[in-house]
Amino acid sequence: MKEPMTTDQLLQGLKHYRRIARQDMLRAPETPWPDAFLQHAESRREVYVALGTYAEAHAPDDVTTHALELYQTIPFSTGTPENEHPDLKGRENALENFFLLVGLDPKTRREARSRRPKLAAAPGTVLSGEVATGS
């Protein structure tokens with residue numbers, strides 16, 4: 001594991017990730033699924049902005065805990081076609097990038113991943129025009 005990061009280092013890393021997401025947003029029209037690619041990049045950027053805002057008022061360890069909590073709420077979309085669920089996949093990707101940035105122990109990430117809901121069981125998830133209630 002890396003040495004603990006300072007808030008400034010954390011903010012600098014998130015700023016770098018935001019820039020990458022912004023570049024991806026600009027190149028979306030050149031991809032096979034422009035709308036999905038754009039939504040994926042926008043979702044990543046939103047996560048980086050939210051974590052940056054949270055980091056401005058909290059210690060780096062608290063930001064990591066918050067990111068793990070967010071990660072556990074994202075329904076699994078693994079195994080779905082590449083252009084489906086770009087919002088979920090973008091948030092997942094952003095949080096996994098953040099975990100790499102802070103040097104999160106892989107075991108901790110796996111434990112959080114195991115607590116994530118299944119796609120069909122996630123309350124409030126839109127499935128074929130219907131909203132799943134989770135009951």
Side-chain angles (χ1 to χ4, degrees):
M1 187 145 140
K2 296 180 181 178
E3 289 183 27
M5 296 184 83
T6 66
T7 298
D8 286 341
Q9 290 170 323
L10 190 65
L11 291 170
Q12 188 64 31
L14 288 167
K15 183 177 181 181
H16 175 73
Y17 281 140
R18 278 195 318 269
R19 287 179 180 154
I20 293 170
R22 178 71 177 136
Q23 289 172 353
D24 287 347
M25 290 165 61
L26 294 173
R27 71 182 193 101
E30 304 164 12
T31 65
W33 297 289
D35 293 338
F37 196 88
L38 178 62
Q39 190 174 3
H40 187 282
E42 288 172 338
S43 294
R44 289 186 354 249
R45 191 167 189 282
E46 288 170 10
V47 168
Y48 301 140
V49 167
L51 289 175
T53 300
Y54 195 85
E56 290 173 353
H58 297 85
D61 286 346
D62 294 334
V63 179
T64 301
T65 300
H66 178 66
L68 282 165
E69 291 167 354
L70 294 173
Y71 188 67
Q72 291 176 53
T73 66
I74 302 171
F76 277 108
S77 56
T78 305
T80 60
E82 185 179 343
N83 62 324
E84 290 184 11
H85 310 290
D87 178 53
L88 298 177
K89 291 175 181 177
R91 290 187 295 160
E92 175 185 43
N93 184 234
L95 290 166
E96 289 177 351
N97 286 340
F98 175 78
F99 299 148
L100 290 173
L101 172 69
V102 298
L104 184 70
D105 174 40
K107 181 181 180 216
T108 303
R109 189 187 64 80
R110 281 192 307 270
E111 289 170 357
R113 186 174 177 82
S114 71
R115 293 186 199 103
R116 289 174 53 192
K118 289 184 170 45
L119 185 62
T125 302
V126 176
L127 302 171
S128 303
E130 297 177 18
V131 176
T133 61
S135 33

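Quick caveat: nothing in here was measured; it's all calculated off a predicted structure. FYI, the numbering just counts along the sequence from 1.
Residues satisfying the side chain to side chain contact (heavy atoms under 4.5 Å, CB included) test with Arg115, not counting sequence neighbours, are Gln72, Glu111, Ala112. For the side chain to side chain contact (heavy atoms under 4.5 Å, CB included) test, no residue two or more places apart in sequence or in another chain qualifies with Pro29. Every residue meeting the ring pair (Phe, Tyr, Trp, His ring centres under 6.0 Å) condition with Tyr71, not counting sequence neighbours, appears here in chain and number order: Phe99. By the side chain to side chain contact (heavy atoms under 4.5 Å, CB included) test, Thr108 is found to be paired with Leu68, Leu104, Asp105, residues two or more places apart in sequence or in another chain being considered.
Within the model, atoms CD of Glu96 and CZ of Arg109 stand 5.0 Å from one another, a figure rounded to the nearest 0.5 Å. One distance of note links OG1 of Thr78 with CG of Leu119; it measures 9.5 Å at 0.5 Å rounding.
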Show me the donor-acceptor pairs within less than 3.5 Å that the side chains of residues 9-18 make with the rest of the protein, sequence neighbours left out.
{"from": "Gln9", "atom 1": "OE1", "to": "Thr6", "atom 2": "N", "distance (Å)": "2.8"}
{"from": "Gln9", "atom 1": "OE1", "to": "Thr6", "atom 2": "OG1", "distance (Å)": "3.4"}
{"from": "Tyr17", "atom 1": "OH", "to": "Asn97", "atom 2": "O", "distance (Å)": "3.1"}

Would you give me the side-chain donor-acceptor pairs under 3.5 Å for residues 54-66, sequence neighbours excluded?
{"from": "His58", "atom 1": "ND1", "to": "Tyr54", "atom 2": "O", "distance (Å)": "2.9"}
{"from": "Thr64", "atom 1": "OG1", "to": "Pro60", "atom 2": "O", "distance (Å)": "3.2"}
{"from": "Thr65", "atom 1": "OG1", "to": "Asp61", "atom 2": "O", "distance (Å)": "3.1"}

Can I get a per-line list of side-chain donor-acceptor pairs under 3.5 Å for residues 31-44, giving both atom names and the distance, sequence neighbours left out?
{"from": "Thr31", "atom 1": "OG1", "to": "Ala28", "atom 2": "O", "distance (Å)": "2.7"}
{"from": "His40", "atom 1": "ND1", "to": "Arg44", "atom 2": "NH1", "distance (Å)": "3.3"}
{"from": "Ser43", "atom 1": "OG", "to": "Gln39", "atom 2": "O", "distance (Å)": "2.9"}
{"from": "Ser43", "atom 1": "OG", "to": "Asp87", "atom 2": "OD1", "distance (Å)": "2.6"}
{"from": "Arg44", "atom 1": "NH1", "to": "Asp24", "atom 2": "OD2", "distance (Å)": "3.3"}
{"from": "Arg44", "atom 1": "NH2", "to": "Asp24", "atom 2": "OD2", "distance (Å)": "2.6"}

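Nearest approach of Ile74 to Glu92, heavy atoms of both residues: CD1-N, 3.8 Å.
Here the side chain of Lys118 pairs no donor or acceptor atom with the backbone of Ser77 at under 3.5 angstrom.
Evaluation of the salt bridge (charged side-chain N to carboxylate O under 4.0 Å, His left out) test over residues 66-75, restricted to residues two or more places apart or in two chains, returns none.
Between Leu70 and Leu51 the shortest side-chain heavy-atom distance falls below 4.5 Å.
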